[in-house]
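Predicted model, so just to flag it, every value in this text is computed and none were measured. Numbers restart at 1 for each chain; the letters A, B, ... are given by sequence-line order, proteins then strands.
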Amino acid sequence: MAVTDAGPATEVAKRPSRLFKNLASKIAAVPMVLVALVIFVGCTIWTIYHSFTRSRLLPAPEKWVGLDNYERLWGENRWLISIENLAIYGFCSLTLSLTIGFVLAALLDRKIRFENTIRTIILYPFALSFVVTGLAWQWILNPQLGLQNVVRSWGWESFAFDPLNNAEIVIFGILIAGIWQGSGFVMVLLLAGMRGIDEDIWKASRVEGIPAWKTYIFIVIPMMRPVFVTAIVIIASGIIKVYDLVVAQTSGGPGIASEVPAKYVIEKMFFSQNLGLGFAASTMMLLSVLVVLIPWAYLEFGGKKNG
Amino acid sequence: MDLMKTLVASTAICAASAASAVELEVTHWWTSGGEAAAVAEFAKAFNETEHTWVDGAIAGSGGTARPIIISRILGGDPMHATQLNHGRQAEELVEAGLMLDLTDVAEAEGWADVVNPVRLLDACTLDGRVYCVPVNIHSPQWLWLSHDAFEKAGLDVPSDWFQFVDAAPALKEAGVVPLAMGQQSWQTNLAFGAIMVAVGGTDLYVDILTNKNADAAASAEMTKVFEAFAAARLLSEGSNVQDWNQATNLVITGKAGGQIHGDWAQGEFQVANQVAGEDYTCLPGLGVNEIIATGGDAFYFPKTDDPEITAAQKELASLMISKEVQVAFNLKKGSLPIRGDVDLSAANDCMKKGLAILAAGNVLPDGVNSFSADTDGQINDLMVEFWNDTSITVEDAQARYADIIANAD
């Protein structure tokens, strides 16, 4: 008995050793994996499915309407303006907050005096929520209370700066607040990345007589690639979900000139009681993220496998 | 199973020991001064019974509160009673069987005979069953005029919309913004509805709202309405305010000549100690036709399994519609009562104008009762875009409007 049982017994003993390797960490990961599968993937599929139904106040999985919601979505002026605003806001916000953040970080990196104090001051806006930021900037940009009034009181009587009430440039009024809030954080991220650059590289470039700005652009920036990727992902996710800033500053006005997709989704789902249309809009938002993300992930991770 | 039994048993004991006195949580979005005073009248009357009113005020307007209320009901954590605008907002909740059927109370007390106009009760009725209690009437078609502003311009206060438009250039010259308008989309839509009744007439209004007649929406009469609306948008340049009460404040302080807004605006005039006829004038139907649409608020009672609570809910329902409570509530709220057989001699000038129109039966359906929230939202979007973007032509806007009406539900 003992001899015949020995074979399978060792096999049984072996198999768990593979399955239960690092058991503790696997168990620890299970909740997160479940959450990711059920909440993110599951709910995404649920949302996409219901975007093809005529769900109004309540989800109605049986009322299948095909692409009707998408047709209406892309026929609506408000959605098109939202998309356009997001594109402008996204492009400007990404480039400007990266540029401003990098320049500030480089300046602080020059071992200036009171670095800690200045860093704290610049990072401070990030501690404010978007709602507070939006309200503060609504007041600053208000022609009767804020900037315009102050400049006029200095004697420049004809000075006019009222972006939030001008449909042509309102999105830039929102952009100012967004950058004011976000670039401090980008600066801190990039500064941390710069501090990770080996001191010897600076010494070598000094020996070679390369000017500091050239060292930053051609040596430091390429070396900071992972930090930039992190910063871009954080900024980009903030751009896609921008909502509270707009609500606090303009509520989408004047007219519908500063509407954004996230606001469209919320209002169609909960105010207009049209879940189907809201789901269709949020599916389009997801799609736009994937369009950007998939080629990038392919380049980033697909490349690594080959190399 | 055992746990279930214990729970059921303990619930039974609780219910038994609590006798018939229960606490009812009531949610609403009446938080401004006059509104809070009005809702306190409900609470007072209800607390005089053996039950207790637990106040669940939600700050912010209906736009903020409604999603919270609806998600609580859907999420299985319903309050015991809640304010909603009657009409189509709660339709799906009623269809899903989440609301208490009040038909027996309504029939016993003969609501059908006392509620005036009857349309308000119809808005609470689905397939012959009554699901809500209308508590007040608010009408959106009013023009509020500042005597101060017209004095500055050296003009008499106009008596209708057309005189107001004629007076606008003089107001502008005097440095007054002719028409105050808040930026929120529902305010623009409200003004559109008011101008539609004044310029297009009541037949056109009813044809579009009730029959959803897209041909009427594309007709030449409707073009006139859009032209008047396009002219009106030029009058509001310079009134860069968001909320309706900020716009009303421009009228109160004489910085703006007038505002098209609902009768709830008079609460602001009252708070500012202004007197109707002396400091400001109100013109129902924009002074063109003596007629008002009857929107308003209603209370719904989410269903529960507890018979004690159900009984208390029905008691609260009949209390809200009773004569004394109606008078006390509406005087504080500045709204019109939903029954024609009560005495409101304490009402002010503007309320009396509204009461007279109501007594004469000159009432119209309200947009909220006629369109689904979805259609209403689409019209809001169109109107606020048209109002703020002068490059949109009348023809374009009308074509889009007719399209929305054709697909309306």
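Crowding of A:W64 atom CH2: a count of heavy atoms from other residues, nucleotides or ligands under 6.0 Å exceeding 12. The number of heavy atoms from other shown groups lying within 6.0 Å of CG (B:D127) does not exceed 12. The local environment of OH in A:Y124 is sparse, with at most 12 non-hydrogen atoms from other residues, nucleotides or ligands closer than 6.0 Å. By the neighbour-count criterion of 12 heavy atoms within 6.0 Å, atom NZ of B:K255 is sparsely surrounded, having that number or fewer from other residues, nucleotides or ligands. Heavy-atom neighbours of A:E62 CD from other residues, nucleotides or ligands within 6.0 Å: above the threshold of 12.
The main-chain N or O of A:L58 is found under 3.5 Å from a side-chain atom of B:E92 such that the two form a donor-acceptor pair.
A:I256 contributes atom CD1, which lies 10.0 Å from atom OG of B:S185 (distance to the nearest 0.5 angstrom). Atom CG of A:N77 is separated from atom CZ of B:R400 by 4.5 Å, given to the nearest 0.5 angstrom.
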Worked check of side chain to side chain contact (heavy atoms under 4.5 Å, CB included) between A:L57 and B:E91: CA-CA 9 Å; A:L57 179 63; B:E91 202 174 72; over 6 Å; no
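Heavy atoms of A:L164 lying under 4.5 Å from chain B are absent altogether. Contacts between A:R56 and chain B at a heavy-atom distance below 4.5 Å involve backbone atoms as well as side-chain atoms. Neither the backbone nor the side chain of A:E267 comes within less than 4.5 Å of any heavy atom of chain B. Proximity to chain B is absent for every atom of A:N142, based on heavy atoms less than 4.5 angstrom apart.
Per-residue heavy-atom pair counts under 4.5 Å with chain A were compared for B:Q378, B:Q184, B:E95, and the maximum is reached by B:Q378.
Using modelled atom types and a 3.5 Å distance limit, the side chains of B:D374 and A:Q273 yield no donor-acceptor pair.
The two residues B:A373 and A:F271 come nearest to each other via the heavy atoms CB-O, 3.7 Å. Scanning both residues, B:G377 and A:S272, for their nearest heavy atoms gives CA-OG, 3.8 Å.
Counting heavy atoms from C-beta on, the side chains of B:L382 and A:R78 never come closer than 4.5 Å.
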